[in-house]
Amino acid sequence: MGIEFSPYPKSKQLKRRTTPTKKVRTKITDKEYNRMIDEFGEFCVMCGRTPIEAHHIVFRSHFGSGNWRNLAPLCDKCHKKAHRQREFADLIRDMRSERFGSNFWKDKYSLYKEGLIPDTEDETYESFMLEEEKRQ
Ligand SMILES: [Zn+2]
Ligand SMILES: [Zn+2]
């Protein structure tokens with residue numbers, strides 16, 4: 001056995017995470033955006049206007065995921081309202097919980113950390129979410 005060389009300095013290696021950063025976990029990918037449109041349409045879910053923006057129903061600051069289940073197409077006006085008026089934001093959350101269950105906004109890492117799923121595979125996450133929806 002010779003001397004092993006690391007490609008990165010030790011200090012950087014220690015900073016490597018097993019769970020991605022919040023920024024990554026809450027990001028809306030094109031795939032999730034398009035899935036949101038497929039599911040909820042290209043009109044504001046609250047008033048029917050266009051154009052729409054993708055809103056995190058549970059905010060990114062609270063680890064609301066970038067999964068389509070936590071996204072709602074909202075017009076500019078309703079989007080602002082969702083960030084300014086607590087009751088309006090809660091109403092959107094309640095509507096979503098009624099359909100997908102109270103865990104709708106969590107990503108696979110949140111579910112895993114809470115012991116709700118046994119691993120962080122996409123398939124495990126997806127089947128948990130489908131079961132939750134069936135239970136509503
Ligand atoms: Zn609207
Ligand atoms: Zn928003």
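Each residue takes its place number in the sequence, starting with 1. Any value given below was found using the heavy atoms of this structure, including those in side chains, with hydrogens, waters and symmetry copies removed. Both counts, for ligands and for their atoms, begin at 1 and track the order of listing.
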* Closest approach to the Zn ion (ligand 2) by His55, given as the N, O or S atom name -> ND1

* Are Val58 and Tyr109 linked, directly or through other ILVMFWY residues, by side chains that come within less than 4.5 angstrom of each other? -> no

* **Phe40 CZ: over 12 foreign heavy atoms closer than 6.0 Å** => yes

* Specify which N/O/S atom of His83 comes nearest to the Zn ion (ligand 2), by atom name. => NE2

* To do: Please identify each residue that fulfils side chain to side chain donor-acceptor pair (under 3.5 Å) with Glu39, with sequence neighbours left out.
  => Arg35, Arg99

* Looking at residues at least two apart in the chain, or sitting in another chain, which of them share a side chain to side chain donor-acceptor pair (under 3.5 Å) with Asp38? -> none

* For Arg135, what residues pass the side chain to side chain donor-acceptor pair (under 3.5 Å) criterion, not counting sequence neighbours? -> Glu132

* To do: Indicate yes or no: does Glu123 engage Lys108 in a salt bridge with an N to O separation below 4.0 Å.
  => no

* To do: Count the heavy atoms of every other residue, nucleotide or ligand shown that sit under 6.0 Å from OH of Tyr125, and state whether that count exceeds 12.
  => yes

* Cut-off under 2.8 Å, centre the Zn ion (ligand 1), protein N/O/S atoms -> Cys44 SG, Cys47 SG, Cys75 SG, Cys78 SG

